[in-house]
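In what follows, every chain begins at residue 1, and chains take the letters A, B, ... in the order their sequences are listed. Given the structure is predicted, the values throughout are model-derived calculations rather than measurements.
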Amino acid sequence: MALVKSPRPGRHCRVPEGHTIHRAARRQAELLVGRALTASSPQGRFAEGAAALDGRVLERVDAHGKHLLYRFRDAPVLHVHLGLFGRFRVHDGEVPEPRPTTRLRLAPVAAGDRAVDLIGPTACELIEPPAERRLLARLGPDPLARDADPAPFLARLGRSRAPVGTLLMDQSVLAGVGNVFRAEALHLCGVHPLREGRDLSEAERACLWETVGRMLEEGVRRGRIVTVDPAEAGVSWSRIPRARRTYVYGRDECLRCGGPVERITLAGRTAYACPACQPR
DNA sequence: TATGTATGGTAAG
DNA sequence: TTACCCTACATAA
């Protein structure tokens, strides 16, 4: 039997949850919106779509949960989802040759000093309005949206018999939460992931919404996931060591009480919980 | 060089 | 539930 080594928090922090996507939307809008863009697919799998976008003016970039929608003048909407492996490489100042795995490169026609590369996405496609409506219709409220309404989220939790750990990862219940935020929000609210949604108190459900929202906002500001309270860690945000940026995610011992962290597979992914801080 | 792992999601059985 | 897709990087061999 192989020794199972636990992932060290911070060592694999490139895979995106909602905050990464909102941050990317903001940054790319700064660099690209209002300009005619060249679009190319060095890797080749999006050659046709890139050709349809080439030369068009980008008008806006919207983030919904973990999904990105690029709106061009006189062209279909570009839908991007990074999935587990996808990432952006943003170049501002010097633009290197694209890597062979670059699915899509967007760059202003006029300026040769900036470009956005998309690598390894789960989705990179042009969609028509009906498909866009279907996509948005299957997403729950996104706490990062300006007009976010918690009511549908609270109601779904309140009537579901599914484990709350499964519900938090379900993008139709709540958009933007991934495995780290799931683990950390449940821990901060003292809720065990295996409890049924409908068994949570109103205060616990409200705590989850509020906590997830705070963590996502902090993630957008910081550009990384830090969920521990700096006061508790005794240092400023930027000085929290990598190994202490989460309470239970990826850890063997709870950062708060030192007790063992249990691992449960929920919604196909490893959930982390401290049975002492999060009783069943 | 090969293997294992990852913060995601979909579609098929 | 399972298989599968997508990529980069660390570690083992």
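Across the protein-nucleic acid pair, A:R134 atom CZ and B:dT10 atom P stand 13 Å apart, rounded to whole Å. If you measure from atom CG of A:L68 to atom P of B:dG9, you get 12 Å, rounded to the nearest angstrom. Atom CZ in A:F85 sits roughly 11 Å away from atom P in C:dA8 (whole-Å rounding). Residue A:H79 contributes atom NE2, which lies 10 Å from atom C1' of B:dG9 at whole-angstrom precision. Rounded to whole Å, the distance from CZ on A:R269 to P on C:dA3 is 16 Å. In this entry the distance linking CZ of A:R103 with P of C:dA8 reads 11 Å, nearest Å. Atom pair A:D170:CG and B:dG9:P shows a separation of 10 Å (rounding to whole Å applied). Here the C1' atom of nucleotide B:dG9 and the CG atom of A:L84 are 9 Å apart, to the nearest Å.
The residue A:I225 sits close to a base: some heavy atom pair falls under 4.0 Å. Using a 4.0 Å heavy-atom distance criterion, A:R99 is classed as a sugar-phosphate-only contact. A:R182 comes within contact range of no nucleotide atom at all, as no heavy-atom separation falls under 4.0 Å. Residue contacts shown for A:Q43 are limited to sugar-phosphate atoms, with no base heavy atom under 4.0 Å away.
Among residue pairs with one or both ends in residues 89-100 of chain A, those qualifying as side chain to side chain donor-acceptor pair (under 3.5 Å) are A:H91-A:D117; sequence neighbours excluded. Within the structure, every pair that satisfies the side chain to side chain donor-acceptor pair (under 3.5 Å) test and touches residues 133-145 of chain A, not counting sequence neighbours, is listed here: A:H22-A:D142. Applying the disulfide (SG to SG under 2.5 Å) test to every pair with at least one member in residues 38-80 of chain A, sequence neighbours left out, gives no pairs at all. Each side chain to side chain donor-acceptor pair (under 3.5 Å) pair with one or both residues in residues 118-128 of chain A, not counting sequence neighbours, appears once here: A:H79-A:E125. Within the structure, no pair that satisfies the side chain to side chain donor-acceptor pair (under 3.5 Å) test touches residues 143-158 of chain A, not counting sequence neighbours.
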Between protein and nucleotides 11-13 of chain B, what N or O pairs are separated by less than 3.5 Å?
none

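Checked by atom type and distance alone, the side chain of A:T102 never pairs as donor or acceptor with a backbone atom of A:I119 at under 3.5 Å.
A gap of 22 Å separates the P atoms of B:dG9 and C:dC9, to the nearest Å. Separation of the P atoms belonging to B:dG13 and C:dC5 is 14 Å when rounded to the nearest angstrom.
Across B:dG8, C:dA8, B:dA6, the shortest atom-to-atom separation from the side chain of A:R89 is found for C:dA8. Distance from the side chain of A:R87 is smallest to C:dC9 among C:dC9, B:dT10, C:dC6.
A:I264 belongs to a hydrophobic cluster whose remaining members, ordered by chain and number, are A:L194, A:L266; membership requires side-chain heavy atoms of ILVMFWY residues under 4.5 Å apart, directly or through intermediates.
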Decide side-chain contact (heavy atoms from CB on, under 4.5 Å) for A:L37 and A:F72; before the verdict, give the C-alpha distance in whole Å, the side-chain angles of both, and the deciding distance to 0.1 Å.
-> CA-CA 10 Å; A:L37 304 182; A:F72 290 82; 3.9 Å; yes
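For the pair A:H19 and A:L135, both in contact range of DNA chain B, the more 5′-proximal nearest nucleotide belongs to A:H19.
In this structure, the side-chain hydrogen bond (donor to acceptor under 3.5 Å, both in side chains) partners of A:E132, at least two apart in sequence or on a different chain, are A:R71. With sequence neighbours excluded, the residues that form a side-chain hydrogen bond (donor to acceptor under 3.5 Å, both in side chains) with A:E184 are A:T227.
Taking side-chain N and O atoms only, A:Q171 has no distance below 4.0 Å to OP1 or OP2 of B:dG8. Between C:dA8 and A:T101, a contact under 4.0 Å exists linking OP1 or OP2 to a side-chain N or O.
Ring planes of A:H67 and A:H81: perpendicular class, angle over 60° (limits at 30 and 60°).
Stem regions annotated for DNA chain B: B:1-6 with C:7-12, B:8-12 with C:1-5, counting only runs of 3 or more consecutive pairs of Watson-Crick or G-U type with both contacts under 3.5 Å.
Cysteines A:C274 and A:C254 are not disulfide-linked, with SG atoms at least 2.5 angstrom from each other.
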Show every donor-acceptor pair shorter than 3.5 Å between a side-chain atom in residues 161-169 of chain A and any protein atom, with sequence neighbours excluded, or say none if there are none.
none

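Within residues 115-129 of chain A, the residues having any heavy atom closer than 4.0 Å to DNA chain C are, in order of number, A:I119, A:G120.
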